[in-house]
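Take a look at the structure set out below.
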Amino acid sequence: MRLFSADDFRSMPWANGGGQTCELFRLAHPARADAFAVRLSIADVAQGGPFSHFPGVDRLLGLLEGDGMELSLDDGGSLRLDAPGQIASFGGEAAVQCRLLGGALRDCNLMLARDWGRGELSRLSLSAGQDLSVPVADMTLLYLQRGEWRCDGRLLPPACLLAAEGEALALQAQTDGVAWLARVSRLA
């Protein structure tokens with residue numbers, strides 16, 4: 001189990017230059033040095049516009065804060081995120097246009113190279129004194145958005161990222177809080 005703090009995170013422009021993201025975690029792709037296998041990031045979205053293209057990548061996008069957004073996909077479909085915790089999934093090669101439903105927002109992005117693995121993203125909300133067991137996964141990433149929690153008895157610093165491989169996690173909320181949980185399975 002490893003802990004990462006804000007000092008470890010990396011701020012960078014979006015691939016298309018339309019905004020800023022904070023990369024919390026990146027695992028290099030074993031077959032392509034210039035690509036990632038897994039990436040977890042938080043994006044600040046100040047205005048609508050096109051999403052960056054990531055061919056061969058599955059994207060899971062969750063609304064952290066704000067009024068939300070509507071995503072128009074190139075296949076004619078649309079996805080609407082208008083409450084914190086809602087999650088949308090789509091292929092990174094899709095042409096996606098974003099329209100904000102209100103002001104600026106923050107979202108959580110889990111991206112996985114399709115030829116490397118599969119994943120799921122969920123929002124956890126625990127009240128003070130509540131416990132939660134997270135089953136074993138090939139890789140588990142937990143971003144503590146707010147609150148004071150412990151994992152296996154260890155205090156998690158504010159706004160940290162916990163990364164674990166092949167381990168179950170025992171979470172205990174010391175105060176009310178919210179976290180984002182990514183569970184990843186490698187392809188055989």
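Computed from a predicted model, the values in this text were never measured in an experiment.
Within a 6.0 Å sphere centred on CD of E65, heavy atoms belonging to other residues, nucleotides or ligands number more than 12.
Side chain of D44 to backbone of R106: no donor-acceptor contact under 3.5 angstrom is found. Side chain of S5 to backbone of C160: no donor-acceptor contact under 3.5 angstrom is found. When atom types are taken as modelled, the side chain of D58 and the backbone of R114 share no donor-acceptor pair closer than 3.5 angstrom.
Going from atom CE of M12 over to atom OG1 of T21 covers 7.0 Å, rounded to the nearest 0.5 Å. Here the CZ-CD distance, from R10 to E23, works out to 4.5 Å after rounding to the nearest 0.5 Å. Expressed to the nearest 0.5 Å, how far CE of M111 lies from OG of S41 amounts to 4.5 Å. The structure places CG of L112 at 12.5 Å from CZ of F54, a figure rounded to the nearest 0.5 Å. Atom CG of L60 is separated from atom CG of D107 by 12.0 Å, given to the nearest 0.5 angstrom. Atom CG of residue D67 and atom CG of residue L105 lie 8.5 Å apart, to the nearest 0.5 angstrom.
Q20 places a side-chain heavy atom less than 4.5 Å from the side chain of P13. With a 4.5 Å cut-off on side-chain heavy atoms, V45 and F51 do not count as touching. In this structure the side chain of L40 never reaches within 4.5 angstrom of the side chain of N109, judged on heavy atoms. Proximity of R146 to D176: side-chain heavy atoms (C-beta onward) are nowhere separated by under 4.5 Å. Looking only at side-chain heavy atoms (C-beta outward), R99 and M69 stay at 4.5 Å or farther from each other.
Linking ILVMFWY residues whenever their side-chain heavy atoms come closer than 4.5 Å, directly or via other members, places V178 and L121 in the same cluster. Following chains of ILVMFWY side-chain contacts shorter than 4.5 Å, one cannot reach L110 starting from V57, and the two form parts of different hydrophobic clusters. Both F25 and I42 are part of a single hydrophobic cluster, where members link through side-chain heavy atoms under 4.5 Å apart. The cluster map of Ile, Leu, Val, Met, Phe, Trp and Tyr, joined by side-chain heavy atoms under 4.5 Å apart, puts V134 and M1 in the same cluster. Grouping the Ile, Leu, Val, Met, Phe, Trp and Tyr side chains by contacts below 4.5 angstrom, directly or via other members, places L132 with W149.
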Scan the side chains in residues 135-144 for donor-acceptor partners under 3.5 Å anywhere in the protein, sequence neighbours excluded, and list what turns up.
from	atom 1	to	atom 2	distance (Å)
D138	OD2	R186	N	2.8

Let me have the donor-acceptor pairs involving side chains of residues 78-90, under 3.5 Å, with sequence neighbours excluded, atom names and distances please.
from	atom 1	to	atom 2	distance (Å)
R80	NE	D82	OD2	3.1
D82	OD1	Q86	NE2	3.4
Q86	OE1	D82	N	2.5
Q86	OE1	A83	N	3.0

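Scanning all heavy atoms of the two residues, the minimum distance from A37 to P30 falls at CB-CD, 4.4 Å. When every heavy atom of A163 is checked against every heavy atom of F4, the shortest pair comes out as CB-CE1, 3.8 Å. Counting all heavy atoms, side chain and backbone alike, G48 lies closest to L100 at N-CG, 3.8 Å. When all heavy atoms of A35 and R26 are compared, the pair lying nearest together is C-NH2, 4.5 Å.
Of the N and O atoms on the side chains of D115 and H29, at least one donor lies less than 3.5 Å from an acceptor on the other residue.
Paired with W180 under the rule side-chain contact (heavy atoms from CB on, under 4.5 Å), one option of L64, L161, L124 passes, and it is L64.
The pair R59-E93 fails the salt-bridge criterion, with no side-chain N (NZ, NE, NH1 or NH2) lying under 4.0 Å from an Asp/Glu carboxylate O.
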